[in-house]
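The next block holds one structure in the form of structure tokens; read it before the comments.
Reminder, nothing fancy here: chain letters follow the sequence lines and each chain counts from 1. Below, all heavy atoms of this structure are taken into account, side chains as well, without hydrogens, waters or symmetry copies. Quantities reported herein were computed from a predicted structural model and do not represent experimental measurements.
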Amino acid sequence: MPELPEVETTCRGIAPHILNRTVQDVHVREARLRWPVPATLGHTLVGARFKAVNRRAKYLLLETDRGILMIHLGMSGSLRIMPTDTPPLFHDHIDLVLDDGNCLRYHDPRRFGSFHWLEQLEHSLLDHLGPEPLADIFDGAHMYQRSRGRRIPVKQFVMDGKIVVGVGNIYANEALFMAGIHPARAAGRVALARYEVLAQTIKTVLGDAIQQGGTTLRDFVGGDGSPGYFAQQLSVYGRQGHPCKACKSALKEIRQGGRSTVFCPSCQR
DNA sequence: ATGACAACCTGTGGGC
DNA sequence: TGCCCACAGGTTGTCA
């Protein structure tokens, strides 16, 4: 489900509600996520106080005075703040009960998300991650340099977390459209100047989506339960067969790496 | 190293 | 109406 803007929206939404709160109790109703939720999570977390809420790639890093809770939302995960006595719904797998009558509740029908406990800010899943797309060190030169000699389609290249993190299927489609680059073009055959444009469109589309509270297609909700409003600004994703907003040509859909790609065959070369 | 693909899991929508 | 298949915002692991 969530790409970087949705994770960032969640991060900002829950932060004010959990900062300086202490975990009173932990309920794990379903431990079978992408990786098993540690059986000791409750023991470790009860009594811990949240000190900072950060994000790295699509991982949420909830820092406590004892260690760090690392959460990934997978395809269908969401985190919400609600009164502890709210009856859990189907697929509400985990509650972190706070000391103010609220809880942080994790909902995830497909169970592709994960909970990890870190003693230090160090984990194999965080190794080898590419730069943050909104950081200055991520630029066209970086993509250009990393793409030389590669035949992989540029769409799949920008979705590779070792190149740049956080760009999922929706925003990869949108950024390529904005940059006028054909998604099937080999990554190694995109010129530096075009990568400079692409780096900028990635930053723009992610930044705009964060401002809109993310994209809600089906079920994404932020920390307060409200949806994101970026879906209405999508130019290509989900608009196959509809007219290009720039040239009115019919948008085309193809499959790349098992994922849907939508683009304008006229504007994108 | 690279790239292709299966795997993890549930829900939904379209076609018949 | 009901059934079956394809597909959905992600990522890891395996294999050639």
If only side-chain N and O atoms count, and only distance matters, is there a donor-acceptor pair under 3.5 Å linking A:T261 with A:E253? no
How many Å lie between CD1 on A:I163 and C1' on C:dT11, as a whole number? 15 Å
Rounded distance in Å between the P positions of B:dG3 and C:dG9: 22 Å
Between C:dG9, C:dG10, C:dT12, spot the one nearest the side chain of A:W35, thanks. C:dT12
C:dG9 pairs with, by Watson-Crick or G-U criteria that keep both distances under 3.5 Å: none
Taking the side chain as everything from C-beta on, heavy atoms only, tell me whether A:L251 gets closer than 4.5 Å to A:K245. no
Do A:R66 and A:L45 make a side-chain contact, defined as non-hydrogen atoms from C-beta onward lying under 4.5 Å apart? no
Would you say that A:L98 contacts A:T22 through its side chain, given a criterion of any heavy-atom pair below 4.5 Å between the two side chains? no
When rounded to whole Å, the CG to C1' distance for the pair A:L33 and C:dG10 reads 14 Å
Given side chains that start at C-beta, do those of A:I170 and A:L217 come closer than 4.5 Å, heavy atoms only? yes
Any side-chain heavy atom of A:R80 within less than 4.5 Å of one from A:D224? no
In whole angstroms, how far is the C1' atom of C:dG9 from the CD atom of A:Q256? 17 Å
Could you tell me whether A:R148 sits above the aromatic face of A:Y144, with NZ or CZ closer than 6.0 angstrom to the six-membered ring centre and within 45 degrees of the axis? yes
If I pick the P atom on B:dC5 and the same atom on C:dA6, what distance separates them, to the nearest angstrom? 16 Å
Give one of base, sugar-phosphate or nothing for A:F230, where a contact means two heavy atoms less than 4.0 Å apart. nothing
Nearest-angstrom distance from the residue atom CG of A:L217 to P of C:dG10: 10 Å
Just to be sure I understand the rule, does A:T215 reach a base, reach only the sugar-phosphate, or reach nothing, if contact means heavy atoms closer than 4.0 Å? base
Heavy-atom pair of closest approach, residues A:F112 and A:R34: O-CB, 3.3 Å
May I ask you to list the residues of residues 140-158 of chain A, by number, that have any heavy atom positioned under 4.0 Å from an atom of DNA chain B? A:R150, A:R151, A:I152
Listed in order of residue number, which residues of residues 86-93 of chain A have a non-hydrogen atom at under 4.0 Å from DNA chain B? A:F90, A:H91
C:dC3 pairs with which nucleotide, Watson-Crick or G-U wobble, both distances below 3.5 Å? B:dG15
Linking I/L/V/M/F/W/Y whenever any side-chain heavy atoms sit under 4.5 Å apart, do A:V26 and A:L69 land together? yes
Classify the angle between the aromatic ring planes of A:H91 and A:H107 as parallel (below 30°), tilted (30 to 60°) or perpendicular (above 60°). perpendicular
Between A:D92 and A:R29, is any pair of side-chain heavy atoms under 4.5 Å apart? yes
Pair A:R21-A:D99, salt bridge (Lys or Arg N to Asp or Glu O under 4.0 Å): steps then yes or no: CA-CA 6 Å; A:R21 298 258 70 87; A:D99 59 354; 2.5 Å; yes
Can you measure A:R259 atom CZ to B:dC5 atom C1' for me and round it to whole angstrom units? 14 Å
Write down the distance between CE (A:M70) and P (C:dG10), rounded to a whole number of angstrom. 17 Å
Given atom CZ of A:R255 and atom P of B:dA6, what is their separation to the nearest angstrom? 13 Å
Can you tell me which nucleotide in C:dG10, C:dT12, C:dG9 comes closest to the side chain of A:K58? C:dG10
Numerically ordered, the residues 103-119 of chain A set in heavy-atom contact under 4.0 Å with DNA chain B is A:P109, A:R110, A:R111, A:F112
Nearest-Å distance for atom pair CZ/P, residues A:R34 and B:dC8: 10 Å
